[in-house]
Asks: 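Here it is: the structure, laid out below.
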Amino acid sequence: MLTFIFLVSRAKGYDLVKLGLTLMLVGNLGNLINTLTYYGKAIDWIVLRNFVAINLADVYLLVGISMIAYQLITWLFTGCLTKKLLEIIRI
(Lines give C-alpha, C1' and ligand atoms only; values in the text may rest on other atoms or scores of the structure.)
Protein backbone atom coordinates (compact mmCIF):
# COMPACT_ATOMS: atom_id res chain seq x y z
CA MET A 1 0.00 0.00 0.00
CA LEU A 2 2.74 2.47 0.94
CA THR A 3 4.62 1.67 -2.29
CA PHE A 4 1.49 2.39 -4.32
CA ILE A 5 0.97 5.67 -2.45
CA PHE A 6 4.58 6.63 -3.18
CA LEU A 7 4.24 5.82 -6.89
CA VAL A 8 0.97 7.71 -7.29
CA SER A 9 2.22 10.72 -5.33
CA ARG A 10 5.07 11.13 -7.82
CA ALA A 11 2.76 10.87 -10.84
CA LYS A 12 1.41 13.99 -12.49
CA GLY A 13 -2.37 14.28 -12.48
CA TYR A 14 -4.33 11.45 -10.85
CA ASP A 15 -5.87 13.89 -8.37
CA LEU A 16 -8.87 11.67 -7.58
CA VAL A 17 -6.63 8.69 -6.86
CA LYS A 18 -4.32 10.82 -4.70
CA LEU A 19 -7.25 12.18 -2.70
CA GLY A 20 -8.71 8.69 -2.31
CA LEU A 21 -5.41 7.30 -1.05
CA THR A 22 -5.05 10.22 1.35
CA LEU A 23 -8.51 9.59 2.79
CA MET A 24 -7.74 5.88 3.13
CA LEU A 25 -4.49 6.67 4.93
CA VAL A 26 -6.24 9.11 7.29
CA GLY A 27 -8.95 6.54 8.03
CA ASN A 28 -6.38 3.85 8.77
CA LEU A 29 -4.40 6.16 11.02
CA GLY A 30 -7.58 7.16 12.87
CA ASN A 31 -8.46 3.53 13.50
CA LEU A 32 -4.89 2.78 14.58
CA ILE A 33 -4.86 5.69 17.03
CA ASN A 34 -8.20 4.59 18.48
CA THR A 35 -6.97 1.02 18.84
CA LEU A 36 -3.73 1.99 20.57
CA THR A 37 -4.99 4.73 22.87
CA TYR A 38 -8.51 3.62 23.80
CA TYR A 39 -7.95 -0.14 24.24
CA GLY A 40 -9.44 -1.07 20.88
CA LYS A 41 -12.54 1.10 21.18
CA ALA A 42 -13.51 3.69 18.62
CA ILE A 43 -14.43 7.10 20.04
CA ASP A 44 -15.15 9.13 16.91
CA TRP A 45 -18.78 8.12 16.43
CA ILE A 46 -21.49 10.24 14.84
CA VAL A 47 -25.02 9.30 15.88
CA LEU A 48 -27.78 10.03 13.38
CA ARG A 49 -31.37 10.12 14.66
CA ASN A 50 -30.73 7.85 17.65
CA PHE A 51 -30.39 4.65 15.64
CA VAL A 52 -27.47 4.93 13.22
CA ALA A 53 -23.94 5.31 14.53
CA ILE A 54 -21.11 5.95 12.07
CA ASN A 55 -17.39 5.74 12.83
CA LEU A 56 -15.71 8.74 11.22
CA ALA A 57 -12.48 6.88 10.36
CA ASP A 58 -14.48 4.21 8.55
CA VAL A 59 -16.32 6.90 6.58
CA TYR A 60 -12.95 8.21 5.38
CA LEU A 61 -11.97 4.68 4.33
CA LEU A 62 -15.23 4.13 2.48
CA VAL A 63 -15.06 7.45 0.64
CA GLY A 64 -11.40 6.90 -0.31
CA ILE A 65 -12.07 3.40 -1.64
CA SER A 66 -15.10 4.69 -3.56
CA MET A 67 -13.06 7.46 -5.20
CA ILE A 68 -10.36 5.05 -6.34
CA ALA A 69 -12.93 2.52 -7.58
CA TYR A 70 -14.73 5.26 -9.52
CA GLN A 71 -11.47 6.32 -11.18
CA LEU A 72 -10.51 2.73 -12.06
CA ILE A 73 -13.96 2.01 -13.51
CA THR A 74 -13.78 5.23 -15.55
CA TRP A 75 -10.39 4.21 -16.92
CA LEU A 76 -11.73 0.71 -17.66
CA PHE A 77 -14.68 1.96 -19.71
CA THR A 78 -12.59 4.51 -21.62
CA GLY A 79 -10.12 1.78 -22.55
CA CYS A 80 -7.05 3.30 -20.93
CA LEU A 81 -6.83 1.35 -17.65
CA THR A 82 -3.69 -0.59 -18.62
CA LYS A 83 -1.99 2.52 -19.98
CA LYS A 84 -2.71 4.57 -16.84
CA LEU A 85 -1.53 1.81 -14.48
CA LEU A 86 1.67 1.36 -16.49
CA GLU A 87 2.29 5.13 -16.33
CA ILE A 88 2.02 4.98 -12.53
CA ILE A 89 4.41 2.02 -12.25
CA ARG A 90 7.04 3.43 -14.65
CA ILE A 91 7.54 6.67 -12.70
Side-chain angles (χ1 to χ4, degrees):
M1 174 90 174
L2 291 176
T3 304
F4 187 68
I5 291 172
F6 175 74
L7 289 173
V8 171
S9 68
R10 295 185 58 205
K12 292 183 174 130
Y14 307 104
D15 294 331
L16 196 61
V17 175
K18 288 179 185 179
L19 183 58
L21 287 172
T22 303
L23 288 173
M24 288 175 57
L25 184 64
V26 168
N28 283 323
L29 287 175
N31 281 333
L32 180 67
I33 290 169
N34 281 335
T35 301
L36 295 176
T37 57
Y38 297 103
Y39 307 106
K41 298 177 182 175
I43 62 162
D44 55 346
W45 292 94
I46 298 173
V47 179
L48 303 173
R49 298 191 185 208
N50 296 329
F51 63 92
V52 176
I54 302 171
N55 182 346
L56 195 56
D58 292 339
V59 170
Y60 289 146
L61 283 169
L62 179 65
V63 171
I65 291 169
S66 300
M67 292 173 93
I68 292 172
Y70 173 78
Q71 186 66 63
L72 290 175
I73 290 169
T74 303
W75 287 343
L76 179 66
F77 284 118
T78 58
C80 63
L81 177 64
T82 306
K83 181 179 121 183
K84 293 288 187 180
L85 292 177
L86 286 176
E87 284 177 9
I88 292 171
I89 292 171
R90 285 185 198 156
I91 293 174

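Hydrogens, waters and symmetry mates are skipped; everything else that's a heavy atom, side chains included, is used.
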Asks: Measuring from atom OG1 of Thr78 to atom CD1 of Ile73, what distance do you get when rounded to the nearest 0.5 angstrom?
Replies: 11.5 Å
Asks: For residues Val26 and Tyr60, report the shortest heavy-atom separation together with the two atoms involved.
Replies: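 Minimum heavy-atom separation between Val26 and Tyr60: CG1-CD1, 3.8 Å.
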Asks: Any link between Ile54 and Leu56 through a network of hydrophobic side chains (Ile, Leu, Val, Met, Phe, Trp, Tyr) touching at under 4.5 Å?
Replies: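 Yes; tracing contacts between hydrophobic side chains, which count when under 4.5 Å, links both residues.
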Asks: Do Leu29 and Leu36 belong together in a cluster built from hydrophobic side chains that touch within less than 4.5 Å?
Replies: no
Asks: Please report the shortest heavy-atom distance between Met24 and Leu61, naming the atom on each side.
Replies: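 Heavy atoms of Met24 and Leu61 come nearest at O-CD2, 3.4 Å.
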Asks: Run the side-chain contact (heavy atoms from CB on, under 4.5 Å) test on Val17 and Met67 for me, step by step, so that the C-alpha distance in whole Å, both residues' side-chain angles and the decisive distance to 0.1 Å come before the verdict.
Replies: CA-CA 7 Å; Val17 175; Met67 292 173 93; over 6 Å; no
Asks: What's the separation between atom CG in Asn55 and atom CG in Leu62, rounded to the nearest 0.5 Å?
Replies: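 Going from the CG atom of Asn55 to the CG atom of Leu62 covers 11.5 Å.
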Asks: Hey, could you give me the CG/CG distance between Leu72 and Leu81, rounded to the nearest 0.5 Å?
Replies: 6.0 Å
Asks: Of Leu16, Leu21, Val63, which is the lone residue that meets side-chain contact (heavy atoms from CB on, under 4.5 Å) with Ile68?
Replies: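 The side-chain contact (heavy atoms from CB on, under 4.5 Å) with Ile68 is passed solely by Leu21 among Leu16, Leu21, Val63.
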Asks: Can you find a heavy atom in the side chain of Asn28 that is under 4.5 Å from one in the side chain of Leu32?
Replies: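 Asn28 vs Leu32: side chains apart.
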Asks: Rounded to the nearest 0.5 Å, what separation is found between the NZ atom of Lys84 and the CG atom of Leu76?
Replies: 14.0 Å
Asks: Give, for atom CD1 of Ile65 and atom CG of Leu23, the distance between the pair rounded to the nearest 0.5 Å.
Replies: 10.5 Å
Asks: Give the intermediate values and the outcome of side-chain contact (heavy atoms from CB on, under 4.5 Å) for residues Val52 and Val47.
Replies: CA-CA 6 Å; Val52 176; Val47 179; over 6 Å; no
Asks: What pairs meet the ring-ring contact (aromatic ring centres under 6.0 Å, His included) rule with one or both residues in residues 61-87, with sequence neighbours excluded?
Replies: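 For residues 61-87: Tyr14-Trp75.
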